[in-house]
There are 2 protein chains.
Amino acid sequence: MQNEAVWLWYPGDFEIHHGMLQNFKREERGMGWPAYWYIDDCNRNVNFERQYDLDAATTFTVHTTGTGYVDVNDRKYRLEEPIECPAGPVTIKVMVGSVQGLPAIYIDGPVIKSDQGWQASNFVTTLPAGHDPLFTRPDQDPNVIEYHKQAVKPQTETAVNGGTLYDFGRAVNGQVQVQTPHAVTLCYGESATEAEDVAMCYYKQTDVDSQTPVRKRAFRYIFIPDVAPKTVQLTAIHEFVPKPNRSTFKSDNSIINQIWNVSTETLNLCSDVFFIDGIKRDRWIWAGDAYQENLINQYSFFDEDVDKRTLLALRGQDDIKQHMNTIVDYSMLWVIGVLNHYQMTGDREFLEIIYPKLESMVRYFIRQTNDLGFIYGRKNDWIFVDWSEIDRDGTVAAEQILLLEDYKTMMTCGRVMGKDVSDYQRRYDVLKKNLMTYFWDADKGAFIDSYESGKRHVTRHANIFAILFDVVDAAKQQSILKNVLLNDAITQITTPYFKFFEQDALCKLGEQKRVYQVLLDYWGGMLDRGAVTFWEEFDPQQTGKEMYAMYGDPYGKSLCHGWGASPIYLLGRYFVGLKPTAPGYASFEVAPHLDEFNQLTTVMPIKDGTVKLEKDGDRLVVTASRAGGTVKYAGHSVPLEAGVATVVNP
Amino acid sequence: MQNEAVWLWYPGDFEIHHGMLQNFKREERGMGWPAYWYIDDCNRNVNFERQYDLDAATTFTVHTTGTGYVDVNDRKYRLEEPIECPAGPVTIKVMVGSVQGLPAIYIDGPVIKSDQGWQASNFVTTLPAGHDPLFTRPDQDPNVIEYHKQAVKPQTETAVNGGTLYDFGRAVNGQVQVQTPHAVTLCYGESATEAEDVAMCYYKQTDVDSQTPVRKRAFRYIFIPDVAPKTVQLTAIHEFVPKPNRSTFKSDNSIINQIWNVSTETLNLCSDVFFIDGIKRDRWIWAGDAYQENLINQYSFFDEDVDKRTLLALRGQDDIKQHMNTIVDYSMLWVIGVLNHYQMTGDREFLEIIYPKLESMVRYFIRQTNDLGFIYGRKNDWIFVDWSEIDRDGTVAAEQILLLEDYKTMMTCGRVMGKDVSDYQRRYDVLKKNLMTYFWDADKGAFIDSYESGKRHVTRHANIFAILFDVVDAAKQQSILKNVLLNDAITQITTPYFKFFEQDALCKLGEQKRVYQVLLDYWGGMLDRGAVTFWEEFDPQQTGKEMYAMYGDPYGKSLCHGWGASPIYLLGRYFVGLKPTAPGYASFEVAPHLDEFNQLTTVMPIKDGTVKLEKDGDRLVVTASRAGGTVKYAGHSVPLEAGVATVVNP
């Protein structure tokens with residue numbers, strides 16, 4: 001923005017308000033389903049202030065989303081009317097309140113305007129005003145997201161069971177326009193099976209004629225009972241917030257290529273304004289899902305705005321009332337997500353906004369640690385980790401490893417902000433030592449879940465986190481690989497959520513070959529079932545209707561689920577091997593592990609640029625659009641020059 | 001309520017949400033003016049829950065103000081549809097969210113209904129659900145206050161300056177219906193002078209024709225420029241929330257009688273849903289004003305609901321972000337207001353709701369006390385006390401005396417709640433001792449404002465609070481009376497706000513005769529100026545247009561201001577001498593000081609009853625509708641029997 005006028009608000013208010021609206025968008029069988037945790041809203045009244053020293057008289061007009069007034073040197077003026085301002089020093093305040101929505105201002109004028117430099121106060125705290133690239137014009141209302149719209153016609157209309165099944169050929173998230181000679185019932189489905197199940201489909205709307213407003217929903221199929229094909233015309237109006245995508249992936253394996261493309265489509269659908277879990281269900285912002293989507297985003301859309309909005313919406317207002325989505329580990333992943341965002345973007349301006357919220361979040365954790373530095377769950381805290389038989393007696397290893405990484409986050413981000421981080425270093429050292437003393441089992445060569453129960457039970461989760469967050473040395477890493485990750489006697493991960501972390505850890509330990517096979521089996525398996533987006537969960541053993549069931553609901557499974565897009569992250573981070581080695585890719589490396597590909601051409605985003613990698617047999621060519629990169633391949637370490645194709649041979 | 005269905009919400013949400021709306025109702029010369037402090041809103045999503053053990057199957061229907069669903073024994077049902085429920089144990093949950101307003105439910109059914117017994121959760125805290133006697137029917141929407149309406153026709157239409165002045169003869173708070181052959185401008189005034197001032201009147205609406213929606217405003221006069229009388233017909237639609245008034249006051253002094261009646265009108269207008277300061281300006285809920293209005297209310301409407309709503313709205317959500325209206329002493333008066341409410345009503349149910357909020361408020365004070373136990377102002381805290389030249393260097397005496405009374409409140413209310421109050425007793429003792437050591441000046445026979453400045457400056461304020469809150473013994477009381485209250489060398493109180501406390505203190509010291517004269521001069525003076533309601537401030541020296549100016553604004557003064565009704569309190573509390581001596585008037589006394597009246601018949605409310613007092617010369621007859629009272633008069637102490645007229649002669 002800098003010198004361009006934009007809509008301004010109290011920082012975080014836009015994200016918190018729209019995050020609240022997002023968490024109210026769930027629908028199930030005619031019922032609304034607001035999220036079941038405490039949800040903040042934006043401030044109701046905000047004061048904006050700025051000083052100028054004007055060379056000449058000027059005029060400006062203040063637009064707002066609410067009620068209020070303008071104060072110029074202690075004299076009050078009306079909103080929406082031109083205000084004359086004489087030369088000299090001037091203090092301008094704009095008071096705005098909105099009883100139902102986001103209080104925001106837009107100031108039009110040649111000199112005095114709502115560009116960078118305004119402070120916003122909620123009468124408790126004063127901070128630089130917030131803004132968003134979606135809202136830059138005075139005729140907009142930042143209470144209303146302006147979705148782009150795309151008409152989608154059914155690809156097929158098929159007579160089924162006396163009715164008609166419309167297949168739109170893709171996942172649509174939007175309203176349906178209906179041209180019908182009589183009132184009909186719309187039965188929606190992400191699958192044909194669901195749409196055809198008139199009694200049990202997740203979304204249904206009855207008595208729809210050509211005038212009926214139809215709610216925005218996510219679907220691929222619509223079934224209309226008791227209607228012959230070509231009687232009723234449907235047009236789906238897909239809604240989306242456009243995001244440029246600089247990434248491409250084209251290899252000699254067409255299944256992997258399709259996995260990449262379907263992953264891109266899946267993430268794109270689940271990230272209009274925020275990272276949500278799924279477009280049909282829950283439509284909520286979950287911190288665990290968002291954490292993974294952030295990592296995937298880094299290798300596809302590289303959309304910093306969705307990232308920032310999601311982090312601010314999850315955190316809410318400054319006072320912490322409970323853990324994010326009530327889950328202790330989700331709060332802890334949120335902290336690591338801030339670190340990821342900073343490593344990805346090097347965005348110091350955002351770090352300044354989020355740092356106080358980061359610090360109060362970690363202080364909140366510290367208040368629930370015991371004498372050994374271990375974090376424990378309190379009443380109403382959900383120690384989730386994963387849907388798995390984890391021994392949760394007393395303190396739990398997985399949570400301690402996340403807390404270690406949170407302390408590291410505070411050290412990294414705190415140093416950038418010029419803070420004294422010695423307290424976090426001290427806490428890190430104590431916790432690390434006690435973690436190894438109490439939770440590392442030398443006989444088993446692995447972390448146990450709980451030491452208090454005496455059961456010394458091993459699950460994969462803490463061990464996976466220990467790999468990902470560099471808690472153990474190379475010898476212990478190999479011990480974990482052997483004794484846990486590759487040990488079939490240890491209960492398998494069953495959720496795609498934790499499968500993400502497991503694949504991540506396997507790749508980090510050089511097991512790309514195994515992961516490649518998982519890509520083909522698990523994601524390729526979904527493609528075999530005709531998936532146009534990736535699912536919340538997939539079990540290759542299931543067939544027919546049972547494929548769509550989850551949580552005890554025949555259509556409870558979400559077939560377009562953000563974390564389903566994780567192949568993008570795995571391919572980018574571990575096969576192409578691209579990662580920043582300093583914040584914002586000031587330096588970065590490309591360390592490919594591409595044995596599984598004979599030919600590959602891929603473009604991946606970095607901050608303010610791209611990296612192109614071409615592999616043809618043994619020949620590898622890497623081109624970065626800007627400097628800072630190093631290719632590490634086959635024992636070589638070759639620096640990249642901006643725009644210069646660098647050839648590396650083994 | 002008990003077994004009657006009513007609208008339910010998370011306790012406090014109704015009051016906080018409507019309090020927020022109230023604090024956004026200010027208007028000035030075409031500008032909205034939201035209150036300039038942090039304002040909470042209600043929760044956005046709430047879960048209601050209750051268990052039943054049903055003898056037989058039953059049916060119920062859930063209405064809400066938002067979106068959500070009903071959960072019966074872990075199965076979901078839609079809102080607004082009859083739900084069948086089999087016999088046996090059943091757990092019912094209702095999830096409701098509202099993105100813009102108050103989440104509330106109403107359950108219709110013969111057995112399962114929204115009566116007493118439901119718990120409400122905001123997912124952080126679970127408490128008995130809140131309700132309000134204004135919302136008891138399923139066809140209502142607790143987001144919308146249902147004002148009763150009364151058409152008021154102008155009493156006169158007078159040609160003035162080429163236009164027409166309409167005098168409605170009373171203060172109106174409502175919209176105007178306009179029948180006009182052409183568009184006109186409405187200029188409002190609480191005074192004729194204001195309405196006729198087309199350029200500067202506080203409220204004005206231009207281009208009004210017979211269809212134009214006209215905003216709700218408070219006024220007595222409307223002036224329409226450039227229009228002859230009888231051309232435009234105006235009907236004011238006065239809006240109000242009806243409150244029964246059991247009190248009457250009729251004496252042989254018609255001025256005092258009129259003061260009583262105009263006071264009643266003034267308080268009535270300023271207390272529709274909450275105690276606000278004034279109906280034209282600010283229309284805000286100020287804790288200082290509300291504190292006084294509560295005391296006045298006790299002797300007129302005895303409206304417990306307005307009291308409770310105001311206390312809850314002022315306190316807001318549990319997290320404390322700043323002092324009420326940003327003023328430290330206002331927060332402290334709020335605490336005392338809770339004590340007053342409890343003494344007045346004995347309402348233990350309300351005390352249970354408010355006690356955690358009371359305790360966290362007082363704990364908030366304690367966090368800003370120093371080693372001597374003195375409360376000090378922090379950055380952004382407003383140590384107000386009064387608009388007066390108080391020496392605010394370091395800690396200030398008046399604030400310490402309020403804090404003492406707050407500790408007493410915690411002891412009284414805490415004991416009722418069965419809490420250990422020894423910490424408050426200890427803090428009280430320390431603070432009391434240090435107050436006397438540092439702030440009592442034995443030479444001056446009075447409290448000084450500040451000891452840190454070394455100026456040893458005496459104002460009336462701390463000394464008045466010391467009388468009111470029983471901080472000093474009888475000897476020191478007399479010392480304060482002589483050296484401060486009756487000492488013209490001490491700067492006079494200039495604000496009606498603190499004049500209230502001063503008259504209160506004077507009466508408490510037996511100076512009814514002086515206060516009687518103040519009633520006649522100050523309030524009688526306003527009546528002489530034609531007041532139909534009492535003003536924010538009155539200076540008998542002022543005449544003409546200057547009477548209406550305040551805060552540097554020619555019409556900034558509010559002519560219908562809640563604290564203007566204080567004669568009701570003074571007459572009831574100190575002339576009639578009625579007060580509870582145990583919570584809820586379980587015991588009460590009538591200790592009249594009626595030398596100024598030869599004849600008087602008055603009825604005053606007590607909890608669940610009334611006291612009637614008739615004086616005719618020396619003969620005094622007191623009748624209480626219920627037991628518990630004692631008449632203390634002329635050395636007698638006579639118990640009152642329910643419904644029996646007791647004659648007391650000197």
Side-chain angles (χ1 to χ4, degrees), chain A residues 17-18 20-47 64 66-71 74 76-81 93 95-101 103 121-126 143 317-322 326 380 552-553, chain B residues 17-18 20-47 64 66-71 74 76-81 93 95-101 103 121-126 143 317-322 326 380 552-553:
Chain A
H17 182 66
H18 281 284
M20 180 275 291
L21 295 175
Q22 182 68 52
N23 283 332
F24 274 64
K25 286 203 167 87
R26 183 169 182 175
E27 180 196 1
E28 179 188 313
R29 298 190 177 89
M31 294 173 280
W33 190 345
Y36 54 80
W37 50 79
Y38 180 85
I39 301 181
D40 274 318
D41 199 356
C42 56
N43 290 284
R44 297 267 77 100
N45 53 339
V46 175
N47 188 59
T64 78
T67 183
Y69 61 90
V70 185
D71 181 308
D74 293 328
K76 293 211 282 292
Y77 296 83
R78 295 195 190 101
L79 304 172
E80 309 293 342
E81 294 180 6
K93 299 175 195 166
M95 166 75 93
V96 59
S98 169
V99 300
Q100 295 191 320
S121 168
N122 66 352
F123 310 96
V124 178
T125 307
T126 302
N143 282 289
Q317 296 294 356
D318 283 356
D319 289 319
I320 300 171
K321 298 196 170 63
Q322 64 183 190
T326 76
N380 296 330
D553 184 311
Chain B
H17 182 67
H18 281 285
M20 181 275 291
L21 295 175
Q22 182 68 52
N23 283 333
F24 273 63
K25 286 203 167 85
R26 184 169 183 175
E27 180 196 2
E28 179 188 313
R29 298 190 177 91
M31 293 172 282
W33 190 345
Y36 53 81
W37 52 79
Y38 180 87
I39 300 180
D40 274 317
D41 198 357
C42 56
N43 290 286
R44 296 269 77 100
N45 53 337
V46 175
N47 189 59
T64 77
T67 183
Y69 61 89
V70 186
D71 181 309
D74 293 326
K76 293 211 283 292
Y77 296 84
R78 296 195 190 101
L79 305 172
E80 309 293 345
E81 294 180 6
K93 299 176 195 167
M95 165 74 94
V96 58
S98 169
V99 298
Q100 297 191 320
S121 168
N122 65 352
F123 309 95
V124 178
T125 308
T126 301
N143 281 291
Q317 296 295 356
D318 283 357
D319 288 319
I320 300 172
K321 296 196 172 62
Q322 65 182 190
T326 75
N380 297 330
D553 184 311

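Excluded from the calculations below are hydrogen atoms, water molecules and symmetry mates; all remaining heavy atoms, backbone and side chain alike, are included. We name chains A, B, ... by the order of the sequence lines, and we start the count at 1 in each one.
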Would you name the heavy atoms of [X] and [Y] that are closest together and state the gap between them?
{"X": "A:Y36", "Y": "B:F123", "result": "O-CD2, 3.3 Å"}
{"X": "B:R44", "Y": "A:D41", "result": "NH1-OD2, 3.0 Å"}
{"X": "A:V124", "Y": "B:N380", "result": "O-ND2, 4.3 Å"}
{"X": "A:N45", "Y": "B:P34", "result": "CB-CB, 4.3 Å"}

Note to self: Which residues pass the side chain to side chain donor-acceptor pair (under 3.5 Å) test with B:D319, not counting sequence neighbours?
What the structure shows: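 Scan of B:D319 (side chain to side chain donor-acceptor pair (under 3.5 Å), adjacent residues dropped) gives A:K321.
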
Note to self: Any side-chain to backbone donor/acceptor pair from A:R29 onto B:R78? Under 3.5 Å, distance only.
What the structure shows: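 Checked: no pair found.
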
Could you have a look at [options] and say which one has the most heavy-atom pairs with chain B under 4.5 angstrom?
{"options": "A:N47, A:N122, A:T125", "answer": "A:N122"}
{"options": "A:M20, A:H17, A:E27", "answer": "A:M20"}
{"options": "A:E81, A:K76, A:M95", "answer": "A:K76"}

Against chain A, label [X] side chain, backbone, both or neither, depending on which of its atoms sit under 4.5 Å from a heavy atom there.
{"X": "B:N43", "value": "side chain"}
{"X": "B:L79", "value": "neither"}
{"X": "B:E28", "value": "side chain"}
{"X": "B:Y77", "value": "backbone"}
{"X": "B:T326", "value": "neither"}

Checklist line | Proximity breakdown for A:S121 and chain B, heavy-atom pairs closer than 4.5 Å | finding: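 Neither part, no heavy atoms under 4.5 Å.
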
Item checked: For B:Y69, ring-ring contact (aromatic ring centres under 6.0 Å, His included) partners two or more places apart ->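 For B:Y69 the ring-ring contact (aromatic ring centres under 6.0 Å, His included) partners, ignoring immediate neighbours, are A:W33.
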
